[in-house]
Amino acid sequence: MKLASWNVNSIRARLDRVVEWIDRNRPDVLCLQETKVADDLFPREPFESRGYQVTAFGQKTYNGVAIVSRQPAADVVRGLPLPNPDPGSRLLCATVADLRVVNVYVPNGRAVDSPYFAQKLDWLRRLSGYLDETARPSDAIVLCGDFNVAPEDRDVHDPAAYRDQVHCHPEERKALAEVAAFGLIDVVRRHHPESGLYSWWDYRQGAFHRNRGLRIDHVWATESVAARCSGAAIDRDARKGKQPSDHAPVIAEIA
DNA sequence: ATGGTTGCACAGCAA
C-alpha cells in the first residue's frame, strides 16, 4: 500500500490541490496535519466520492490531523490520553488494514527560550510514553506526520545558521531519538541517505526556489513494516505552483 | 537588516 503524510496548512485552503494530488498519486492512506478545521466543517465529500473515508480530529483555526484511507479506520484514538489531555488536536491513531497508523503534528516550539519549546519537549516525551504503554516494537506501526524536528544536520540547508535553534536543538533531537528508540526507522532516510532532501520550505524570500529547507516531516516504521517498504520519497513537485502548502508530502510504499 | 509570506478571520497571532 501507498501511505503518505502531508502538512497541508489548512485543508480548506488546500482542498483543490490535495484532491488533485490524490487523483494523481492514488494513496491508500493519507495522513494530514494542520487541517485547521473543526470536524463538522471538514470537507469530506471530495474524498468520500473518490472512495476514501475521512477520520478527522480537528479544531478551529489551529492544528488538526486527519487520516484519509481507502480501507476502514478501526480503533481510532484522538489525542494523547488523560490525565493531561492535549488542548491541541495533534495526535490521531487508527488501524488501517494491518497497520497501526499514528499521525502526529508535533508542537512547533517557536523559540528555544520560549515556554512553547519546553511544551514541545514535554509533548515528545509523552509520545514516547504513549508508545511504550500502548504498543510493542514487534507491532506493525507507522508513525508519521510533521515532527517539527530536523533529526540531523544533513536534514538542514544551513546547519551553522540553525545550530541550537528550534527544529535542530540538541534537546529536541534527543527527545525525538527517544521516540525512535521505541523501535522506529526513518524510511525515507533508509532509501535516501543524501543531504539536500527537505519537506518544508519557508514561504518567504524564495526559500523553495533556492532549496533552503528543512526535513521535518517524517514517516517512521517499526522494523517489520520497514522491511516491507520498497521505497520512500518526498514529493517536492507538490510544493511547486500556485498556492502550495509550505510542506511537501512524504510517501512510503509498503508491500 | 529582525525583514519576508501565508492562513484564519477580520487584528494580530502562529507558523
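Keep in mind that this is a model prediction, so the values were computed, not measured. Below, read A as the first sequence line, B as the second, and so on, with proteins coming before strands; counting in each chain starts at 1.
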query = Is the backbone of His247(A) close enough, under 3.5 Å, to the side chain of Trp6(A) for a donor and an acceptor to pair up by distance?
reply = yes
With respect to the side chain of [X], which nucleotide from [options] is positioned closest?
X	options	answer
Arg204(A)	dA14(B), dG4(B), dA9(B)	dG4(B)
Thr61(A)	dA9(B), dA15(B), dG7(B)	dA9(B)
Arg14(A)	dG4(B), dG7(B), dA15(B)	dG7(B)
Lys36(A)	dA9(B), dA15(B), dC8(B)	dC8(B)

request  = Take atom OH of Tyr116(A) and atom C1' of dC13(B), then tell me their distance rounded to the nearest Å.
outcome  = 10 Å
Contact under 4.0 Å: Ser10(A) side-chain N or O vs dT6(B) OP1/OP2 = no
query = Is any side-chain N or O of Arg110(A) closer than 4.0 Å to OP1 or OP2 of dA14(B)?
reply = yes
ask   = Between Arg228(A) and Asp98(A), which heavy-atom pair has the shortest distance, and what is it?
value = NH1-OD2, 3.0 Å
request  = Looking only at non-hydrogen atoms, find the nearest pair between Ala111(A) and Phe117(A) and report the distance.
outcome  = O-CB, 3.2 Å
task = Quick one: label Phe208(A) by what it contacts on the DNA or RNA (base, sugar-phosphate, nothing), any heavy atom closer than 4.0 Å.
result = nothing
request  = Map Lys60(A) and Gly109(A) onto DNA chain B by nearest heavy atom, then report which one ends up closer to the 5' terminus.
outcome  = Lys60(A)
